[in-house]
2 protein chains.
Amino acid sequence: MQNRVLLVEDDDELRQLLARYLTNQGFSVREAATGNDGLSLARGQNCDIVVLDIMLPDISGLDVLRALRAETHLPVVLLTARGDETDRIVGFEVGADDYIPKPCNPRELVARLQALLRRIAWDQAVDLDASRTYGDLRVEPAHRRIYQDDVPLELTATEYEVLQVLLAHAGSVVRKTDLMQWALGRRLEAHDRTLDMHISNLRKKLGNDDPPRIETVRGLGYSYRVPA
Amino acid sequence: MQNRVLLVEDDDELRQLLARYLTNQGFSVREAATGNDGLSLARGQNCDIVVLDIMLPDISGLDVLRALRAETHLPVVLLTARGDETDRIVGFEVGADDYIPKPCNPRELVARLQALLRRIAWDQAVDLDASRTYGDLRVEPAHRRIYQDDVPLELTATEYEVLQVLLAHAGSVVRKTDLMQWALGRRLEAHDRTLDMHISNLRKKLGNDDPPRIETVRGLGYSYRVPA
DNA sequence: TTTTCCTTTGCACAACCTTTACACAGCACT
DNA sequence: AGTGCTGTGTAAAGGTTGTGCAAAGGAAAA
């Protein structure tokens, strides 16, 4: 169950050093010293992640990456001698997942490889219940909806954002300036009643309970009453 | 419609600089100046990715990350002044997806954010070669056809792509910009109504049900109504 | 060429965010 | 109680933005 790394690097000494370190860290390592070798090994589909030097004797690592991206989404970490910033940007644009400047600390390389593999594992595990419940309300970010007793509320985009923030802070007071910043994405100016309007509309849609679910804290902001 | 970044950084000047740059690059930005604010906002599930400074006035960015990881797999990029290698390793071990030392080039930050978001999109993409069924619709990638109650729909190439992407994400909202990228293979420019046209045509071919199978999520994109 | 399809253009319309306006509630001070 | 200030509730009007769709223009395939 160990991860298989394909290491494409022309400098024999460095490649063997890294290969040994990666092996010690529990990876199974395939090595290639040229771009073409690397490309055919990667195409073989028998590795989980590729570490790819950019400076190679035959074809550039960037071209190898381009060729790979034309057919797969195999994770690729670029490795390169001191990076001009533009180089890095290009690397990412071509489809790299990470970019590590040489000389690199092997520990950091391993940490980054593991972070990338972990990310992939997370993404592929069905990450459903990101939904949260507050009393009779249920927030479902995937649908961008909030359900009250399993009935979806007909909220506008802004209303959704506002209620979302209030729920995330359920039980404590959210200052108007923060609510404005977080839900509306701009600063609260004097005499701006926009927020009050959205709160008013939200209360209506939530059923105008008494006492209201969204409490007013005069001079401060609003607070969603924590469910009993 | 655009990716939402949560920027947690206490240095007002730097935060505003980055926020402005990210906005210009097409992100929608939410800001927090403290760890606690950042944590509540991230919990609110109203962002796609988090940029997190480690040095914060109240609680350490690492603790914020730990708390987040206890409940979500939200992508997190750490940002820090100290370049100590051990710090980086710790950051990754706690669950960071990337680690950028300050002072960071905003262009590189954006490139890394986009690489991470792209990786997630790739990972979550459904196996496009398997045939799938959604209610009365059946996608058969081998023939590039979609059947409604076993009767093939007369779709054009683009319509097939659009519907297929919507189905692959059935039940959740697909942003217009993503739909454009995945189905049409190019970026969504301002005033480009192409997608709206294809949606309109698709709805017609699907029978113009009411409520429509392809729901409009104003300001965001479209969503295929998950079959009961 | 003809046909099919993709894209652009233009207009109408709907959704919705914001402003305006006024009424009223809370609070401090007389 | 009365007065005035400040902050809030909400209806209605105003303005902006996003969307639906027909029709025409182009581009690509047949």
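Every chain is numbered from 1 and lettered A, B, ... according to where its sequence line falls, protein lines coming before strand lines.
Straight-line distance from the CE atom of B/M180 to the P atom of D/dT19: 14 Å, rounded to whole Å. Separating the CE atom of A/M197 from the C1' atom of D/dG9 is a distance of 9 Å, rounded to the nearest angstrom. The CZ-P distance, from A/R175 to D/dG7, rounds to 16 Å in whole Å. For A/H191 and D/dG9, the NE2 to P distance is 16 Å, given to the nearest whole Å. Remark: C1' of D/dG20 and NZ of B/K176 are 10 Å apart, rounded to the nearest angstrom. Atom pair A/N201:CG and D/dA12:P shows a separation of 13 Å (rounding to whole Å applied). Protein atom CD1 of A/I199 is 14 Å distant from nucleotide atom C1' of D/dG7, rounded to whole Å.
Among the heavy atoms of the strands lying under 4.0 Å from A/R193 is at least one base atom, whether or not backbone atoms are also near. In this structure, B/D196 reaches the sugar-phosphate backbone alone: every heavy-atom distance under 4.0 Å involves primed, P, OP1 or OP2 atoms, never a base. Within the nucleic acid shown, B/D192 comes within 4.0 Å of sugar-phosphate atoms alone, with no base atom in reach, counting heavy atoms only. Counting non-hydrogen atoms under 4.0 angstrom, B/T156 reaches the backbone sugars and phosphates but no base. When heavy atoms are screened at a 4.0 angstrom cut-off, A/L184 is found touching the sugar-phosphate backbone but no base atom.
By the neighbour-count criterion of 12 heavy atoms within 6.0 Å, atom CZ of A/R175 is sparsely surrounded, having that number or fewer from other residues, nucleotides or ligands. The 12-atom threshold is not exceeded at CZ of B/R145, counting heavy atoms of other residues, nucleotides or ligands nearer than 6.0 Å.
A salt bridge is defined here as a Lys NZ or Arg NE, NH1 or NH2 lying under 4.0 Å from an Asp or Glu carboxylate O, and A/R43 with A/E71 meets this definition. Taking the charged nitrogens against the carboxylate oxygens, A/K205 and A/E159 do have a contact shorter than 4.0 Å, which makes a salt bridge.
For B/R66 (side chain) and B/G61 (main-chain N/O), no donor-acceptor pair under 3.5 Å exists by modelled atom type. A donor-acceptor pair under 3.5 Å is formed between the side chain of A/D58 and the backbone N or O of A/G35. No side-chain donor-acceptor contact under 3.5 Å links B/N3 to the backbone of B/D48. In this structure, the side chain of B/N105 engages the main chain of B/R107 through a donor-acceptor pair within 3.5 Å. Panel note: side chain A/S40, backbone A/D37; a donor-acceptor pair is recorded below 3.5 Å.
Of the residues in residues 205-225 of chain A, those lying under 4.0 Å from DNA chain D by heavy-atom distance are A/T216, A/R218, A/G219, A/Y222.
Between A/F92 and A/Y99, the two ring planes are tilted [angle within 30° to 60°].
At its two ends the helix from C/dT1-D/dA30 to C/dT30-D/dA1 runs along axes set 30° apart, each axis drawn from five pairs and the angle rounded to 10°.
Taking only side-chain nitrogens and oxygens, B/S200 comes nearer than 4.0 Å to OP1 or OP2 of D/dC21.
Interface limits on DNA chain C: the 5'-most and 3'-most nucleotides within less than 4.0 Å of chain B heavy atoms are C/dC5 to C/dC16.
Considering every non-hydrogen atom in both B/V110 and B/Q25, the closest pair reads CG2-CG, 3.9 Å.
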